[in-house]
Amino acid sequence: MARHLITSAIPYINGIKHLGNLVGSQLPADLYARFQRGRGNEVLFLCATDEHGTPAELAAARANQPVAEFCAEMHAVQADIANRFSLSFDHFGRSSSPQNHALTQHFAGKLEEAGLISEVSDKQVYSNADGRFLPDRYIEGTCPNCGYDKARGDQCENCTKQLNPVDLIDPRSAISGSTDLEVRETKHLHLRQSVLRDDLDAWIDSKTDWPVLTTSIAKKWLHDGDGLRDRGITRDLDWGIPVRKGDQDWPGMEGKVFYVWFDAPIEYIACAGEWADATGNDWERWWRTDKGADDVRYTQFMGKDNVPFHTLSFPATILGSGEPWKLVDYIKSFNFLNYDGGQFSTSQGRGVFMDQALGLLPADYWRWWLLSHAPESSDAEFTWENFQQSVNKDLADVLGNFVSRITKFCRAKFGESVPEAGEYGEQEQALIADLTTRIRAYEGYMEAMEVRKSAQELRAIWVAGNEYLQSAAPWVTFKTDPDRAAAQVRLGLNLIRLYAVLSAPFIPTASADMLAAMQSDDTAWPDDVAAALSTLPGGHEFTVPEVLFAKITDEQREDWQVRFAGVRD
RNA sequence: GGGCCUGUAGCUCAGUUGGUUAGAGCAGAGCGCUCAUAACGCUUUGGUCGUAGGUUCGAGUCCUACCGGGCCUACCA
């Protein structure tokens with residue numbers, strides 16, 4: 001039995017995520033996790049909230065809450081929404097956990113021992129009014145290049161020129177508007193990634209099967225300019241993991257915390273520790289190659305904006321530690337999903353957010369659309385028309401109606417139990433052969449994480465059921481050869497169970513409903529399709545399910561288009 | 001400025017190492033069926049593959065330039 005460690009990029013804590021965030025990491029990761037479990041493999045699927053950093057502090061301040069309290073609440077909110085989206089994490093952790101504190105400090109200590117940490121003195125802008133150092137982009141002012149008066153300290157959004165905060169004319173704090181700013185000297189730890197460049201380069205080179213999106217971003221950072229640069233891994237903030245060398249103090253670093261991008265990936269490991277502490281399981285057999293993780297296949301899912309940290313910084317941390325931690329085997333990265341002609345935006349409240357989506361329709365609708373339109377080769381676009389059309393056709397007409405027509409026909413002609421008479425004949429064998437080919441193709445796409453192609457193949461499998469019914473026409477054979485009709489209907493009912501098993505990674509709730517209607521708990525993967533289609537024997541009772549997927553009406557669609565045209569409050 | 005990705009039917013997308021008449025789903029048209037959520041099935045109309053050159057016996061596929069869209073560019077995460 002294969003063992004799969006699967007992680008989704010951990011969502012930031014400062015708000016509820018939108019559908020673009022969802023489709024880029026958590027959702028495809030869940031698809032893969034469910035598929036691997038469905039095939040009988042051992043899976044540990046982890047996710048967490050990413051809780052440190054300036055935006056979290058500011059969001060908490062806006063909400064008038066202590067940051068720890070704010071994060072605890074938002075974690076609960078995100079966990080609830082994830083659950084309602086049927087995201088099947090084995091554990092949904094927190095990067096602020098004690099486990100992550102200890103492990104992050106441990107890694108820093110090991111990196112220091114290995115000579116991979118340097119102390120660098122930086123000059124940084126301090127806001128007296130805010131009582132804090134300001135990251136470059138939290139300083140606003142007039143662009144020296146184009147005169148735009150809301151240019152940020154890192155870049156002018158108007159003319160796209162790269163800036164330094166000191167370049168700005170009349171700089172002010174983006175938080176308070178205060179102009180009482182000064183440049184202060186501050187010391188920070190840097191991770192000497194440059195030392196590990198050749199190792200990282202060779203490692204990336206060996207990953208010939210990774211998506212181009214993943215490797216090209218890594219290559220760019222490895223070879224751009226002078227090559228991979230060292231990176232600051234500490235910040236002057238209150239909220240975060242205190243800088244320590246293992247369990248020892250770090251002289252000169254008092255009052256500083258680790259940079260969020262240093263501790264966030266480490267949470268992938270710490271999260272397994274949280275899971276183990278909560279369940280009594282052993283986490284090291286998933287993460288330590290000296291303690292049983294040798295045969296683990298580790299797959300990460302993320303949006304393209306996260307790629308540098310997962311291909312370079314985090315591997316540098318692991319390699320640099322000199323300890324036998326599991327390195328990622330495959331990185332599946334995604335482009336972005338746009339919303340109706342523009343970008344989804346958390347900060348601007350543009351688009352559809354996860355909680356809102358669930359207020360409109362059950363998760364399966366969103367799961368199906370998002371996954372079947374996953375932004376794999378380029379950015380993709382969400383429009384309400386496309387969503388309505390795809391969901392109505394695929395889920396309501398092709399799959400839902402299939403379930404309806406066969407169960408209702410059976411109830412009318414044979415009652416609510418699987419008809420016993422008749423045998424499968426040539427037509428049925430042909431269907432089995434066709435389905436076998438398609439299911440093997442589906443498995444191949446799912447193994448390769450070809451998300452869109454998987455969805456296409458699954459849909460084709462559903463269509464095959466309708467084609468069969470149409471040509472078998474039990475409503476005709478029933479009149480002349482009831483036994484033949486009985487066998488045809490028996491096959492049709494068995495198809496429902498088969499579809500439930502195959503479709504579960506995409507639409508878990510509907511799949512469970514289908515199984516419940518068939519009164520079956522047999523979720524065995526159909527390695528042998530013929531056998532799978534004989535699972536429900538003659539005489540087995542079932543119920544006619546409610547409509548699986550109600551159609552989205554034009555009125556609903558129009559209403560939603562209007563409601564979601566602006567920005568969120 | 002630099003790097004990477006992308007531009008194929010009205011829409012969303014496939015097109016493997018260059019190889020005969022460029023594919024699928026949706027939408028449109030016609031026919032069939034009547035078990036079903038006016039659902040299903042069959043057939044079918046749509047494309048000088050962003051533009052212009054080039055390499056080649058042969059290019060959607062390789063090269064160059066240009067045009068359009070997107071992302072990244074290291075202190076948001």
Side-chain angles (χ1 to χ4, degrees), chain A residues 9-14 50 52-56 58 122 124-125 133-139 152-155 160-162 164-165 174 188 193 211-213 215-217 219-221 223-225 228-232 235-236 259-261 264 303-309 312-313 335-336 338 343 346-347 372-373 375-381 383 385-386 389-390 392-413 450 452-453 455-456 459-460 463 465-476 478 485 488-489 492 546-551:
Chain A
I10 63 179
Y12 198 62
I13 195 70
N14 67 342
D50 178 14
H52 299 132
T54 309
L58 298 181
D122 291 329
Q124 207 178 345
V125 175
F133 283 94
L134 296 177
D136 290 356
R137 72 169 46 199
Y138 285 100
I139 302 158
R152 295 187 320 204
D154 57 340
Q155 181 175 37
T160 74
K161 187 175 172 60
Q162 306 273 312
N164 280 314
H188 281 298
Q193 301 182 129
V212 178
L213 186 63
T215 49
S216 66
I217 291 172
K219 283 290 182 186
K220 161 75 171 167
W221 281 53
H223 298 294
D224 191 42
L228 187 62
R229 294 177 226 168
D230 296 342
R231 197 177 175 96
R235 291 290 183 274
D236 290 293
Y259 175 44
V260 57
W261 261 118
K304 58 185 167 186
D305 51 332
N306 277 328
V307 168
F309 306 99
L312 304 169
S313 313
N335 287 284
F336 293 149
N338 291 318
Q343 294 188 335
T346 304
S347 57
S372 61
H373 293 79
E376 289 179 301
S377 55
S378 63
D379 290 353
E381 172 146 325
T383 66
E385 286 87 352
N386 187 306
Q389 233 168 42
S390 299
N392 283 356
K393 193 69 188 173
D394 298 347
L395 297 182
D397 295 346
V398 175
L399 177 61
N401 181 57
F402 174 80
V403 173
S404 266
R405 65 193 297 205
I406 187 67
T407 52
K408 287 182 179 172
F409 180 77
C410 184
R411 179 172 64 184
K413 305 298 184 190
E450 297 256 24
R452 280 182 186 233
K453 287 182 179 174
Q456 269 178 29
R459 187 189 189 280
V463 167
N466 281 312
E467 288 171 352
Y468 168 76
L469 276 192
Q470 196 62 36
S471 62
W475 48 92
V476 173
F478 183 75
Q488 291 167 339
V489 168
E546 296 297 308
V547 165
L548 275 183
F549 296 100
K551 290 203 197 192

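Owing to the predicted nature of the structure, the values given are computational and were not obtained by experimental measurement. Within every chain, numbering begins at 1; the chains are lettered A, B, ... in the order of the sequence lines, protein sequences first and strands thereafter.
- Residue order along RNA chain B, read from the 5' end via each residue's closest nucleotide, puts A:Ala380 first among A:Ala380 and A:Ala550.
- The CZ atom of A:Arg452 sits 11 Å away from the P atom of B:G15 (whole-angstrom rounding).
- Nearest heavy atom pair, residue A:Thr54 against residue A:Tyr12, reads N-OH, 4.3 Å.
- In this structure, A:Glu385 places its CD atom 18 Å from C1' of B:G25, rounding to the nearest Å.
- Using a 4.0 Å heavy-atom cutoff across all strands shown, A:Val260 reaches sugar-phosphate atoms only and no base atom.
- Using a 4.0 Å heavy-atom cutoff across all strands shown, A:Phe336 reaches sugar-phosphate atoms only and no base atom.
- With hydrogens and angles left out, the side chain of A:Asp397 and the base of B:A39 share no donor-acceptor pair within 3.5 Å.
- Regarding contacts with the backbone of B:G41, every side-chain N or O of A:Tyr468 stays at 4.0 angstrom or more from both OP1 and OP2.
- Here the straight-line distance linking atom CG of A:Asn386 with atom CD of A:Glu381 works out to 9.0 Å at 0.5 Å rounding.
- Within the nucleic acid shown, A:Asn392 has no heavy atom closer than 4.0 Å to any nucleic acid atom.
- An OP1 or OP2 oxygen of B:C13 is reached within less than 4.0 angstrom by no side-chain nitrogen or oxygen of A:Lys453.
- Look at the P atom in both B:G23 and B:G15: the space between them is 15 Å, to the nearest Å.
- Across all strands shown, A:Lys551 has heavy atoms under 4.0 Å from base atoms, whether or not it also approaches the sugar-phosphate.
- Of all non-hydrogen atoms in A:Gln470 and A:Trp475, the two that sit nearest each other are CA-CH2, 4.2 Å.
- Taking 4.0 angstrom as the limit, A:Arg231 places a side-chain polar atom (N or O) nearer than this to OP1 or OP2 of B:C75.
- Of the candidates B:U37, B:A74, B:U34, the closest approach to any side-chain atom of A:Trp221 belongs to B:A74.
- With contacts defined as side-chain heavy-atom distances shorter than 4.5 Å, the pair A:Lys304/A:Asp379 qualifies.
- Residue A:Phe309 is classed as a base contact, given a heavy-atom separation below 4.0 Å to a base.
- In this structure, the side chains of A:Arg235 and A:Gln124 stay at 4.5 Å or more apart for every pair of heavy atoms.
- Inter-residue side-chain proximity for A:Tyr138 and A:Leu58 is flagged as met; some heavy-atom pair is nearer than 4.5 Å.
- B:G7 and B:C63 have their P atoms separated by 14 Å, with the value rounded to a whole Å.
- Note: CG (A:Asn338) to C1' (B:G69) measures 10 Å, nearest angstrom.
- Regarding contacts with the backbone of B:A39, every side-chain N or O of A:Lys408 stays at 4.0 angstrom or more from both OP1 and OP2.
- In terms of modelled atom types and a separation under 3.5 Å, the side chain of A:Asn335 and the main chain of A:Ala380 share no donor-acceptor contact.
- To the nearest whole angstrom, the two C1' atoms, one in B:U45 and one in B:A27, are 12 Å apart.
- Across all strands shown, B:G54 is found opposite B:C62 as a Watson-Crick or G-U wobble partner, with both distances under 3.5 Å.
- Taking atom P on both nucleotides, B:A24 is separated from B:C42 by 12 Å, rounded to a whole Å.
- For A:Arg229 and B:A74, a side-chain-to-base donor-acceptor distance below 3.5 Å is present, hydrogens and geometry of angles not being considered.
- Remark: B:C13 base-pairs with B:G23. Criterion, Watson-Crick or G-U wobble with two distances under 3.5 Å.
- For the C1' atom pair drawn from B:C49 and B:U21, the interatomic distance equals 16 Å after rounding to whole Å.
- Base contact: A:Leu548 has a heavy atom under 4.0 Å from a base atom.
- For the pair A:Gln488 CD and B:C33 P, the interatomic distance rounds to 18 Å; values are reported in whole Å.
- Taking atom CG on A:Asn306 and atom C1' on B:C72, their separation rounds to 13 Å, with Å as the unit.
- With its glycosidic angle within 90° of 0, B:G46 is assigned syn.
- The side chain of A:Lys220 approaches B:G2 more closely than any other nucleotide in the set B:C40, B:A77, B:G2.
- Using a 4.5 Å cut-off on side-chain heavy atoms (C-beta onward), A:Leu213 and A:Glu376 make no contact.
- By the stacking rule of 5.5 Å between ring centres and under 30° between planes, A:Phe409 does not stack on the base of B:C35.
- A:Arg152 has no side-chain polar atom (N or O) that falls below the 4.0 Å cut-off from OP1 or OP2 of B:C75.
- Here the P atom of nucleotide B:A36 and the CD atom of A:Glu467 are 21 Å apart, to the nearest Å.
- Not one side-chain nitrogen or oxygen of A:Arg405 sits closer than 4.0 Å to the OP1 or OP2 atom of B:C35.
- Side-chain contact between A:Asp305 and A:Phe336 is present, with at least one heavy-atom pair separated by less than 4.5 Å.
- Taking atom P on both B:C72 and B:G54, the two are 38 Å apart, rounded to the nearest angstrom.
- Comparing the P positions of B:U43 and B:C4 gives a spacing of 45 Å, expressed to the nearest Å.
- Contacts of A:Ser216 with the nucleic acid, taken as non-hydrogen atoms under 4.0 Å apart, involve only primed sugar atoms and P, OP1 or OP2.
- Atom CD in A:Gln389 sits about 12 Å away from atom P in B:A39, given to the nearest Å.
- A:Gly400 comes within 4.0 angstrom of a nucleotide base, judged by non-hydrogen atoms across all strands.
- Here B:A36 is the nucleotide among B:A36, B:G3, B:G70 with the atom lying nearest to any side-chain atom of A:Asn401.
- To the nearest angstrom, P of B:G41 lies 7 Å from CD of A:Gln470.
- For the pair A:Lys413 and A:His373, both in contact range of RNA chain B, the more 5′-proximal nearest nucleotide belongs to A:His373.
- For the C1' atoms, the distance from B:G60 to B:A22 is 8 Å, rounded to whole Å.
- Across all strands shown, A:Val463 has heavy atoms under 4.0 Å from sugar-phosphate atoms exclusively, and none from any base.
- Not one side-chain nitrogen or oxygen of A:Lys393 sits closer than 4.0 Å to the OP1 or OP2 atom of B:A24.
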